[in-house]
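We're numbering straight along the sequence, starting at 1.
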Amino acid sequence: MNVALLLTCFNRRQKTEKCLDSLLPVITNSPNHQFDIYLTDDGSSDGTGTMVKEKFPEVNVLTGDGTLFWAGGMRNSWNAALHSGKAYDGYLLINDDVIFASSFWNKIEETIRYAQVTYSKQGLYTLATQDSAAGRLTYGGHKLRKKIFKHSPYAVIPTDIPQECQLTNGNILYASQEVVDTIGILDEHFIHTWGDFDYSLTALEKGFPVLVCPGYGGYCVNDHETGIIPPLKKRIQLLYSSNNIGLNECWYYMCKHFWWKAPFAYVMWWVKTLFPWLLK
């Protein structure tokens, strides 16, 4: 197999270094595979890009101007892989704050084989992460409760076999070439948030299997749960901030996939922003 590994980073030098330190030994010792890494340094001022070039010369380092955020940076890395002239079997999206388990690629391979036997086609596969201290699930796959108006996802707990899901986090996310040939890469409407959820729903709507891989692929802290309620002005800024809730992107996402739920979701985001203590 030939696989392109895609990352983007911004001013998280230590996390990016630890991520690559845990990733490289695994892919280096994977026989019969060719892995190429494409990393977009989105204008980091902490020397992340320079560090990667010096310590990990096998990584293809691309540069951004600081306005790409997660979705834009991943698209930049993805496009570089697509235009590299190499033929890939799949693309692995990686958050640069993941610390990989040594067995992570085996779990993806297991899911690739499972999909071929079960669905006679390849698809989109997410590998869950957990908190290293608490041991609880942090990112992975989600299903949606069947509610008429409320958009209510819940996490799929990994087992020893692949499981179907509807939504995927992009922390460790494998997209087969079949999926990319049909739906392309991340929708350009998304700047930072919602792009990974949108991608999995789009793949599902096109008939591809969307699966949670067995077990956990590594460690990643959920940095969205602070437990602190900021002042109202700050909450409104976060509501529209592209690297937080991203209300405009949320509205687009809901209208694209759940148009009948979009007005309710829009109102509820404002309720959560204005009266956060009522919904805790």
Q: Taking C-beta and beyond as the side chain, do E178 and K121 meet within less than 4.5 Å on heavy atoms?
A: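 Yes, close enough: below the 4.5 Å cut-off.
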
Q: I'd like to know if the side chain of Q130 and the backbone of G135 have a donor-acceptor N/O pair within less than 3.5 Å.
A: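 Pair found, side chain donor or acceptor close to backbone of G135.
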
Q: Quick one: does any side-chain atom of N32 pair with a main-chain N or O of M1 as donor and acceptor, under 3.5 Å?
A: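 No; judged by distance alone, with no hydrogens or angles, the pair does not exist.
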
Q: Can you check whether E58 reaches L24 side chain to side chain, under 4.5 Å on heavy atoms?
A: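 Result yes, sub-4.5 Å side-chain heavy-atom pair found.
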
Q: Flag the pair I172 / F100 as yes when at least one side-chain heavy-atom distance between them is below 4.5 Å, and no otherwise.
A: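 Answer yes - side chains close enough.
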
Q: If hydrophobic clusters are built by linking Ile, Leu, Val, Met, Phe, Trp and Tyr wherever their side-chain heavy atoms come under 4.5 Å apart, do V26 and V59 end up in the same one?
A: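 As far as the 4.5 Å side-chain criterion goes, V59 and V26 are connected within one cluster.
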
Q: With side-chain hydrogen bond (donor to acceptor under 3.5 Å, both in side chains) as the criterion, how do Y119 and E164 come out once you've worked through the C-alpha distance, each side chain's angles and the decisive distance to 0.1 Å?
A: CA-CA 12 Å; Y119 305 95; E164 293 183 350; 2.7 Å; yes

Q: If we ignore hydrogens and angles and just use 3.5 Å, is the side chain of N169 paired with the main-chain N or O of Y139 as donor and acceptor?
A: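 No; judged by distance alone, with no hydrogens or angles, the pair does not exist.
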
Q: Could you check whether any side-chain N or O of E249 sits under 3.5 Å from a backbone N or O of W194, counting only pairs where one atom can act as donor and the other as acceptor?
A: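 Between the backbone of W194 and the side chain of E249 there is no qualifying donor-acceptor contact (under 3.5 Å).
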
Q: Taking NZ, NE, NH1 and NH2 as the nitrogens, is one of them in E17 or K55 under 4.0 Å from a carboxylate oxygen of the other?
A: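 Between K55 and E17 there is a salt bridge, with a charged N closer than 4.0 Å to a carboxylate O.
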
Q: Mark yes or no for whether Y125, through its side chain, and G123, through its backbone, hold a donor-acceptor pair below 3.5 Å.
A: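 At least one qualifying donor-acceptor pair exists.
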
Q: When rounded to the nearest 0.5 angstrom, what distance separates OG1 in T8 from CD1 in I94?
A: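 Reported value, rounded in 0.5 Å steps: 12.0 Å.
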
Q: Does some side-chain heavy atom of N11 sit less than 4.5 Å from a side-chain heavy atom of S45?
A: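 They are in contact (side-chain heavy atoms under 4.5 Å apart), so the answer is yes.
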
Q: Does NZ or CZ of K143 fall inside the cone over Y154's six-membered ring, less than 6.0 Å from its centre and within 45° of the axis?
A: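 Not satisfied by the 6.0 Å and 45° rule.
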
Q: Consider only side-chain heavy atoms of I, L, V, M, F, W and Y, link residues closer than 4.5 Å, and tell whether V212 and Y174 are in one cluster.
A: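 Hydrophobic grouping puts V212 apart from Y174.
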
Q: With side chains defined as the heavy atoms from C-beta onward, is the minimum distance between P231 and K234 less than 4.5 Å?
A: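 Yes, side chains in contact.
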
Q: What is the minimum heavy-atom distance between A81 and A4, and which atoms define it?
A: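 So the two residues come closest at CB-CB, 3.9 Å.
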
Q: Is there a chain of hydrophobic side chains (I, L, V, M, F, W, Y, each step under 4.5 Å between heavy atoms) that links L124 to F104?
A: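 No, L124 does not connect to F104 through the hydrophobic network.
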
Q: Where does the angle between the aromatic ring planes of W78 and Y91 fall among parallel (under 30°), tilted (30 to 60°) and perpendicular (over 60°)?
A: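 Geometry flag for Y91 against W78: tilted rings.
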
Q: So which atom in I112 and which in Q122 form the shortest heavy-atom distance, rounded to 0.1 Å?
A: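 Smallest heavy-atom distance, with atoms named: O-NE2, 3.0 Å.
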
Q: Establish, from distance only, whether the side-chain atoms of H257 and E205 form a donor-acceptor pair under 3.5 Å.
A: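 Yes, E205 and H257 have a side-chain donor paired with an acceptor closer than 3.5 Å.
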
Q: Using only heavy-atom distances, determine whether the side chains of R145 and S152 contain a donor-acceptor pair under 3.5 Å.
A: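 Checked: R145/S152 side chains pair up, N/O donor to acceptor below 3.5 Å.
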
Q: Minimum heavy-atom separation for A80 and L62, please, with both atom names.
A: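 Closest pair (atom of A80, atom of L62, distance): CB-CD1, 3.5 Å.
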
Q: Applying a strict under-4.5 Å side-chain criterion to I, L, V, M, F, W and Y, I'd like to know whether I27 and L92 cluster together.
A: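 Yes; tracing contacts between hydrophobic side chains, which count when under 4.5 Å, links both residues.
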
Q: Between H33 and F35, does the ring centroid distance fall short of 6.0 Å?
A: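 Yes; F35 has its ring centre under 6.0 Å from that of H33.
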
Q: Side-chain donor-acceptor pair under 3.5 Å between Y88 and D36, yes or no?
A: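 Result is yes, a qualifying pair exists.
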
Q: Let me see the working for L5 and Y38 under side-chain contact (heavy atoms from CB on, under 4.5 Å), right down to the final yes or no.
A: CA-CA 6 Å; L5 281 58; Y38 299 85; over 6 Å; no

Q: Under a 3.5 Å distance rule, please check whether D198 uses its side chain to pair with a backbone N or O of Y253 as donor and acceptor.
A: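 Checking the backbone N and O of Y253 against the side chain of D198, no donor-acceptor pair under 3.5 Å is found.
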
Q: Listed by chain and number, what are the ring-ring contact (aromatic ring centres under 6.0 Å, His included) partners of W269, not counting sequence neighbours?
A: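 W269 satisfies ring-ring contact (aromatic ring centres under 6.0 Å, His included) with no residue once adjacent residues are dropped.
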
Q: Start with the C-alpha distance between D41 and S44, add both sets of side-chain angles, then the distance that settles side-chain hydrogen bond (donor to acceptor under 3.5 Å, both in side chains), and finish with yes or no.
A: CA-CA 6 Å; D41 175 36; S44 296; 2.5 Å; yes

Q: With no hydrogens and no angle check, is any side-chain donor or acceptor of D131 less than 3.5 Å from a backbone partner on A134?
A: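 A pair under 3.5 Å: yes.
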
Q: Flag this pair as yes if the NZ/CZ of K261 is under 6.0 angstrom from the six-membered ring centre of F264 and inside a 45 degree cone about the axis; otherwise no.
A: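 No; the conditions do not both hold, so K261 does not lie above the ring face of F264.
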
Q: Of all the heavy-atom pairs spanning A155 and L137, show the shortest one and how long it is.
A: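 It is CB-CD2, 3.4 Å.
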
Q: Is the number of heavy atoms from other residues, nucleotides or ligands within 6.0 Å of CH2 (W259) greater than 12?
A: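 Counting neighbours around CH2 of W259, 12 or fewer heavy atoms of other residues, nucleotides or ligands fall under 6.0 Å, so no.
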
Q: Please walk me through it: do I37 and L23 pass side-chain contact (heavy atoms from CB on, under 4.5 Å)?
A: CA-CA 10 Å; I37 305 176; L23 174 65; 4.2 Å; yes

Q: Got a donor-acceptor contact below 3.5 angstrom from the N76 side chain to the G72 backbone?
A: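 No; zero donor-acceptor contacts below 3.5 Å.
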
Q: Taking only residues two or more places apart in sequence, or in another chain, which ones meet T118 in a side-chain hydrogen bond (donor to acceptor under 3.5 Å, both in side chains)?
A: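 If we apply the side-chain hydrogen bond (donor to acceptor under 3.5 Å, both in side chains) test to T118, skipping adjacent residues, there are no hits.
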
Q: Could you walk me through whether W70 and M74 pass side-chain contact (heavy atoms from CB on, under 4.5 Å), step by step?
A: CA-CA 6 Å; W70 180 81; M74 295 304 287; 3.5 Å; yes

Q: So, does T129 use its side chain to make a donor-acceptor pair with the main chain of Y219 at under 3.5 Å?
A: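 Checking the backbone N and O of Y219 against the side chain of T129, no donor-acceptor pair under 3.5 Å is found.
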
Q: If you round to the nearest 0.5 Å, how far is NZ of K15 from CG of L20?
A: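 It comes to 14.5 Å.
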
Q: Please test H142 against F197 for ring-ring contact (aromatic ring centres under 6.0 Å, His included), starting from the C-alpha separation and ending with a verdict.
A: CA-CA 9 Å; H142 309 264; F197 277 11; 5.5 Å; yes

Q: For the atom pair CG (L232) and CG (L239), what is the distance rounded to the nearest 0.5 Å?
A: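 Going from the CG atom of L232 to the CG atom of L239 covers 10.5 Å.
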
Q: Could you give me the CA-CA distance, side-chain angles and deciding distance for F10 and L68, then say whether side-chain contact (heavy atoms from CB on, under 4.5 Å) is met?
A: CA-CA 10 Å; F10 177 73; L68 294 177; over 6 Å; no

Q: Give, for atom OG of S30 and atom CG of N106, the distance between the pair rounded to the nearest 0.5 Å.
A: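 Rounded to the nearest 0.5 Å, the OG-CG separation comes out at 7.0 Å.
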
Q: Can you tell me if T40 and D42 form a side-chain donor-acceptor pair at under 3.5 Å?
A: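 No, no side-chain donor-acceptor contact under 3.5 Å.
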
Q: Check whether any side-chain heavy atom of Y266 sits under 4.5 Å from a side-chain heavy atom of L247, and report yes or no.
A: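 Yes, their side chains come closer than 4.5 Å.
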
Q: Looking only at heavy atoms, what is the nearest atom pair of L39 and S77, with distance?
A: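 Scanning both residues, the minimum pair turns out to be C-OG, 3.8 Å.
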
Q: List the atom of C165, the atom of T126, and the distance in Å for their closest heavy-atom pair.
A: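 Distance-wise, the nearest heavy atoms are SG-CG2, 4.4 Å.
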
Q: With the side chain counted from C-beta on, respond yes when W270 and I236 share a heavy-atom pair under 4.5 Å apart, and no when they do not.
A: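 Yes, side chains in contact.
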
Q: Tell me whether Y114 is reachable from V210 by hopping between hydrophobic residues (I, L, V, M, F, W, Y) whose side-chain heavy atoms are closer than 4.5 Å.
A: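 Unlinked, V210 and Y114 end up in two clusters.
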
Q: Taking side chain as C-beta onward, heavy atoms only, is C213 less than 4.5 Å from P162?
A: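 The answer is no; the side chains never approach within 4.5 Å.
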
Q: Can a salt bridge be assigned to the pair K18 and D96 using a cut-off of 4.0 Å between side-chain N and carboxylate O?
A: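 The answer is no: the pair does not qualify as a salt bridge.
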
Q: Which distance, rounded to the nearest 0.5 Å, do you find between the CD of Q14 and the OG1 of T48?
A: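 Here the rounded value is 9.5 Å.
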
Q: At what distance, to the nearest 0.5 angstrom, does OG1 of T168 lie from CG of L173?
A: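 One finds 4.5 Å between OG1 of T168 and CG of L173.
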
Q: Can you check whether G184's main-chain N or O pairs, donor with acceptor, with Y199's side chain at less than 3.5 Å?
A: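 Yes, because the side chain of Y199 sits within donor-acceptor range (under 3.5 Å) of the backbone of G184.
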
Q: With no hydrogens and no angle check, do the side chains of D187 and Y252 hold a donor and an acceptor under 3.5 Å apart?
A: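 Per modelled atom types, D187 and Y252 side chains form a pair under 3.5 Å.
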
